[in-house]
Amino acid sequence: MIVHSKSKNYEVHIVNNLDWLKGDSSNRFYVLDRKVYEIYKNELFSCLPKERMYLMDAREENKTIYTALDVCAAMTVMASKRNTRLVSIGGGIVQDVTGFAANILYRGIAWTFVPTTLLSACDSCIGGKTSLNYDKFKNLLGTFYPPDEIYICSSLFKTLEEGDFLSGLGEVVKFNVMGGDNQLASMEKDMPELLQRAPDKLLPYVKASLEFKKNIIEEDEFDKGTRVLLNYGHTFGHAIEAVTDYAVPHGTAVAMGMVMANRISLSRCMISEEVVHRIEKIIKRIIPLYKNGIDLKAGELEVAIHKDKKQIDSNITAILMNNNIDLEIVHDIQSSEIKNASKFLEKFLSE
């Protein structure tokens, strides 16, 4: 798959192995998620030169410009300069830090990204966005600087913890619901095998997710128009992350956000109850059961939505779905709708 960007075209490779890592490392520098390194250090990374390796603890508090500058500092000791290639191996946090570093070092160097989480493989690996936290603000700093190449290897998903894998499935479900009734019907049939991480089932859905996103970002690379449609589930999902202090991971929060968005669509008679129930049945299988309940704090939820950088004025904008499983931008979400949808979600999560 080739993604066409204003700055450069870049290719997504879906591969069975990462044997290319054994190639010439003379102009490469590697940034690896420390956890991934520990899992695969003998199987994949024993051939990499230690002096050209930066191990990163992939935590939200490390997704800052200071970590990006640490990477830049580590790379400046290399003899090569503009022809240095940064190889980034990890999930979305590693991607954000290394993409930013590759963009600012020597005014831009080549970089390769190997997503090791399902979440980054099905979504963030394309699109070119880098986002860093600054002070107490999430994703305040950022650039558009896509990798030169991306390698997706499904065997890396086998060692993901269950919560991380299910979080990735949240974005997979989102994209394939957005893909229309045929994709929705396919997921209904294939969900048992997707939950078992069967590569022959999982990879086609990852590819379908990326193809859906590719069509939108090629039309609106810099997020000025139709790219906002990709925020289906995110308006409420980001707020859910915030009010739960990020105890709910991103993809899972997006799936919860889809439930809320669809319930608002249903209350507005935009979508049929049958379609809502079909989507909820799938989502029910990919989010954990909150046996003790979860307090979404409807008042705090609305405050968090207003703080989201996607909101442009005092009105609340969200992406809703209609009966044709098409997406619409709605600018007049009401407090009462947020309250009712969050109450439904709390009940949905506890049953």
Side-chain angles (χ1 to χ4, degrees), residues 12-25 28-64 67-68 70-71 74-75 85-99 101-102 111-126 147 149-172 193-203 205-207 209-210 246-252 286 288:
V12 180
H13 308 272
I14 297 179
V15 297
N16 296 320
N17 60 67
L18 296 174
D19 286 349
W20 59 269
L21 284 173
K22 300 173 184 176
D24 182 13
S25 292
R28 294 181 190 166
F29 188 88
Y30 302 88
V31 176
L32 299 96
D33 180 325
R34 187 184 302 275
K35 190 172 182 180
V36 174
Y37 175 78
E38 291 299 330
I39 293 172
Y40 295 104
K41 61 183 176 183
N42 296 322
E43 179 182 348
L44 291 177
F45 305 134
S46 59
C47 59
L48 305 185
K50 295 289 192 298
E51 68 277 10
R52 291 174 179 261
M53 195 183 300
Y54 181 98
L55 300 184
M56 178 180 164
D57 294 309
R59 299 192 299 265
E60 194 70 23
E61 58 265 33
N62 290 336
K63 199 179 80 167
T64 69
T67 309
D70 282 346
V71 172
M75 295 181 70
R85 176 177 292 269
L86 192 158
V87 179
S88 170
I89 303 174
I93 292 176
V94 173
Q95 177 189 351
D96 278 320
V97 169
T98 52
W111 72 294
T112 297
F113 181 49
V114 181
T116 59
T117 65
L118 180 58
L119 191 65
S120 56
C122 76
D123 182 15
S124 67
C125 69
I126 68 170
E149 53 189 359
I150 298 159
Y151 289 88
I152 295 173
C153 184
S154 65
S155 62
L156 296 174
F157 305 148
K158 293 178 182 178
T159 54
L160 288 175
E161 293 181 1
E162 184 70 1
D164 291 332
F165 180 75
L166 292 177
S167 178
L169 272 186
E171 285 283 6
V172 170
E193 290 169 286
L194 291 177
L195 289 167
Q196 293 299 316
R197 314 188 190 194
D200 60 325
K201 289 294 183 183
L202 185 58
L203 287 178
Y205 284 97
V206 171
K207 186 177 180 183
S209 300
L210 293 175
Y246 300 94
V248 177
H250 176 73
T252 299
I286 65 169

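From a predicted model like this one, the values you see are computed outputs, not experimental measurements.
Counting only distance, with no hydrogens or angles, the side chain of T117 and the backbone of S120 share a donor-acceptor pair below 3.5 Å. A donor-acceptor pair under 3.5 Å links the side-chain atoms of T98 to the main chain of V94, judged by distance alone. No donor-acceptor pair under 3.5 Å is formed between the side chain of R28 and the backbone N or O of V87. In this structure a side-chain-to-backbone donor-acceptor pair under 3.5 Å is present from R197 to L160.
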Inset, instruction - In sequence, state the C-alpha distance, the side-chain angles, and the governing distance for L21 and V114, and then conclude on side-chain contact (heavy atoms from CB on, under 4.5 Å). - result: CA-CA 11 Å; L21 284 173; V114 181; 5.7 Å; no
Legend entry - Residues V12, L210; criterion side-chain contact (heavy atoms from CB on, under 4.5 Å); working and verdict: CA-CA 9 Å; V12 180; L210 293 175; 4.2 Å; yes
Inset, instruction - Take I89 and L44 through the side-chain contact (heavy atoms from CB on, under 4.5 Å) test and state the conclusion after the steps. - result: CA-CA 11 Å; I89 303 174; L44 291 177; over 6 Å; no
Inset, instruction - May I have the step-by-step check of side-chain contact (heavy atoms from CB on, under 4.5 Å) for I152 and F157, ending in yes or no? - result: CA-CA 10 Å; I152 295 173; F157 305 148; 4.1 Å; yes
Inset, instruction - Starting from the C-alpha separation in whole Å, work towards a yes-or-no answer on salt bridge (Lys or Arg N to Asp or Glu O under 4.0 Å) for E60 and K63. - result: CA-CA 5 Å; E60 194 70 23; K63 199 179 80 167; 3.8 Å; yes
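In this structure, A74 and Y54 approach most closely via the heavy-atom pair CB-CD1, 4.3 Å. The two residues I150 and C125 make their nearest non-hydrogen contact at CD1-O, 3.0 Å. L118 approaches G168 most closely through the heavy-atom pair CD2-C, 3.7 Å.
The CG atom of D33 lies 11.0 Å from the OH atom of Y40; values are rounded to the nearest 0.5 Å. Rounding to the nearest 0.5 Å gives a distance of 10.0 Å between CG of D70 and CE of M56. We find the CZ-CE distance between F45 and M53 to be 8.0 Å, quoted to the nearest 0.5 Å. Atom CG of L119 sits about 6.0 Å away from atom OG of S124, to the nearest 0.5 Å. One distance of note links CD1 of I39 with OG1 of T116; it measures 8.5 Å at 0.5 Å rounding. The CG atom of L195 sits 8.0 Å away from the CD1 atom of I286 when rounded to the nearest 0.5 Å.
Under the 30°/60° scheme for interplanar angles, the aromatic rings of H13 and Y151 are found to lie parallel.
The number of heavy atoms from other shown groups lying within 6.0 Å of CD (Q196) does not exceed 12. Environment of CD in E51: crowded, with over 12 heavy atoms of neighbouring residues, nucleotides or ligands closer than 6.0 Å. No more than 12 heavy atoms of other residues, nucleotides or ligands lie within 6.0 Å of CG in N16, so this atom counts as exposed by the packing criterion.
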